[in-house]
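Below, all heavy atoms of this structure are taken into account, side chains as well, without hydrogens, waters or symmetry copies.
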Amino acid sequence: MSDTQMEAQIDAQTNTQIDQLLNHAKTIAIIGVSNKPERDSFKVAQYLKAHGYQILAINPLLQEQTILGEPCYASLSEAKQQSGMEIDIVDCFRKADDIPPIVSEAITVGAKAVWMQLEITNQDAAAQARSAGLAVVMNRCTKIEHKRLHNITN
């Protein structure tokens with residue numbers, strides 16, 4: 001098998017996993033969400049909410065504010081406790097070095113998946129998440145992947 005064929009096979013497997021995650025998820029916690037409409041984290045949260053997902057806004061600097069009409073929580077644990085919701089995907093808008101404690105908390109709250117946004121990868125955190133049974137996506141955007149899955153072009 002050539003390198004190109006191998007890469008295509010890996011991409012197909014990744015796309016299948018992503019499609020399954022997005023099709024089954026109901027609640028997505030957005031770590032590092034901004035209240036500024038020009039920021040990618042705000043745009044992604046807005047898009048996901050508009051497409052039927054329940055979002056949990058997580059940003060300790062913005063706690064007790066509302067973002068997109070949703071309360072903003074300081075942590076995943078606080079969001080789970082106060083909302084009572086199961087967390088399907090933890091969508092991370094934080095630098096790679098910040099991911100390990102997020103993964104630890106995602107495991108603690110029983111999240112099903114950890115998703116690191118574009119240009120964010122942390123192999124050690126990914127291994128920790130996988131060993132605890134969580135699905136892991138790295139260096140992908142939830143909005144872009146949802147649009148691909150549903151053939152949305154605008």
Side-chain angles (χ1 to χ4, degrees), residues 1-34 37-59 67-70 72-73 75-77 79-80 83-154:
M1 184 179 289
S2 72
D3 286 346
T4 304
Q5 288 172 317
M6 182 69 86
E7 286 176 24
Q9 185 177 12
I10 290 168
D11 281 348
Q13 290 169 343
T14 301
N15 287 343
T16 299
Q17 177 192 32
I18 287 169
D19 295 354
Q20 289 173 347
L21 280 172
L22 291 174
N23 278 329
H24 292 98
K26 293 178 178 62
T27 304
I28 301 176
I30 313 283
I31 306 288
V33 69
S34 176
E38 67 274 12
R39 295 279 179 98
D40 289 339
S41 62
F42 182 93
K43 291 174 187 175
V44 168
Q46 184 177 42
Y47 174 89
L48 293 171
K49 184 174 179 175
H51 285 85
Y53 295 98
Q54 173 64 50
I55 61 159
L56 294 171
I58 315 288
N59 186 329
I67 297 174
L68 297 166
E70 303 293 337
C72 188
Y73 302 101
S75 66
L76 280 171
S77 299
K80 172 135 175 133
S83 73
M85 292 182 203
E86 294 297 316
I87 299 171
D88 297 309
I89 299 173
V90 176
D91 193 359
C92 304
F93 283 88
R94 302 290 302 141
K95 61 186 187 246
D97 291 344
D98 294 341
I99 301 300
I102 294 168
V103 166
S104 295
E105 193 174 16
I107 292 165
T108 300
V109 301
K112 295 178 183 83
V114 172
W115 189 304
M116 297 175 228
Q117 280 289 329
L118 290 172
E119 300 181 10
I120 304 170
T121 60
N122 186 312
Q123 296 297 339
D124 292 338
Q128 179 189 6
R130 286 186 187 108
S131 70
L134 279 70
V136 176
V137 177
M138 294 189 288
N139 193 26
R140 297 279 186 113
C141 174
T142 46
K143 178 180 174 181
I144 291 169
E145 295 303 321
H146 184 274
K147 289 175 87 167
R148 176 193 55 79
L149 174 63
H150 296 282
N151 296 313
I152 299 170
T153 56
N154 58 356

Report yes if some heavy atom in the side chain of [X] is under 4.5 Å from a heavy atom in the side chain of [Y]; otherwise report no.
X      : Y      : value
Ile31  : Leu76  : yes
His150 : Asn23  : yes
Asp40  : Gln117 : no
Ile28  : Lys49  : no

Interatomic distance, [X] atom [atom1] to [Y] atom [atom2] [nearest 0.5 angstrom]:
X      : Y      : atom1 : atom2 : value
Tyr47  : Leu68  : OH    : CG    : 14.5 Å
Asn15  : Gln20  : CG    : CD    : 11.5 Å
Leu118 : Glu145 : CG    : CD    : 8.5 Å
Met138 : Ile120 : CE    : CD1   : 11.0 Å
Ile89  : Thr142 : CD1   : OG1   : 7.5 Å
Ile87  : Gln54  : CD1   : CD    : 11.0 Å

So, for [X] and [Y], which heavy atoms are closest and what is the spacing to 0.1 Å?
X      : Y      : answer
Ile30  : Ser41  : CG2-O, 4.3 Å
Gln128 : Pro100 : OE1-O, 4.0 Å
Ala106 : Val114 : CB-CG2, 4.0 Å
Ser75  : Glu105 : CB-OE2, 3.3 Å
Val33  : Ala45  : CG2-CB, 4.1 Å
Ala111 : Leu134 : O-CG, 3.4 Å

Could you go step by step and tell me if Ile55 and Gln46 meet the side chain to side chain contact (heavy atoms under 4.5 Å, CB included) rule?
CA-CA 9 Å; Ile55 61 159; Gln46 184 177 42; over 6 Å; no
Ion pair Lys80/Glu86, N-O distance below 4.0 Å
yes
Salt-bridge contact Asp88-Lys112 (side-chain N to carboxylate O under 4.0 Å)
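Yes.
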Does atom NE2 of His24 have more than 12 heavy-atom neighbours, drawn from other residues, nucleotides or ligands, at distances under 6.0 Å?
no
Is it the case that atom CD in Glu119 sees more than 12 heavy atoms from other parts of the structure closer than 6.0 Å?
no
Could you walk me through whether Tyr53 and Leu22 pass the side chain to side chain contact (heavy atoms under 4.5 Å, CB included) test, one step at a time?
CA-CA 9 Å; Tyr53 295 98; Leu22 291 174; 3.6 Å; yes
Would you say the side-chain atoms of Arg94 and Asn59 include a donor-acceptor pair closer than 3.5 Å?
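Short answer, no.
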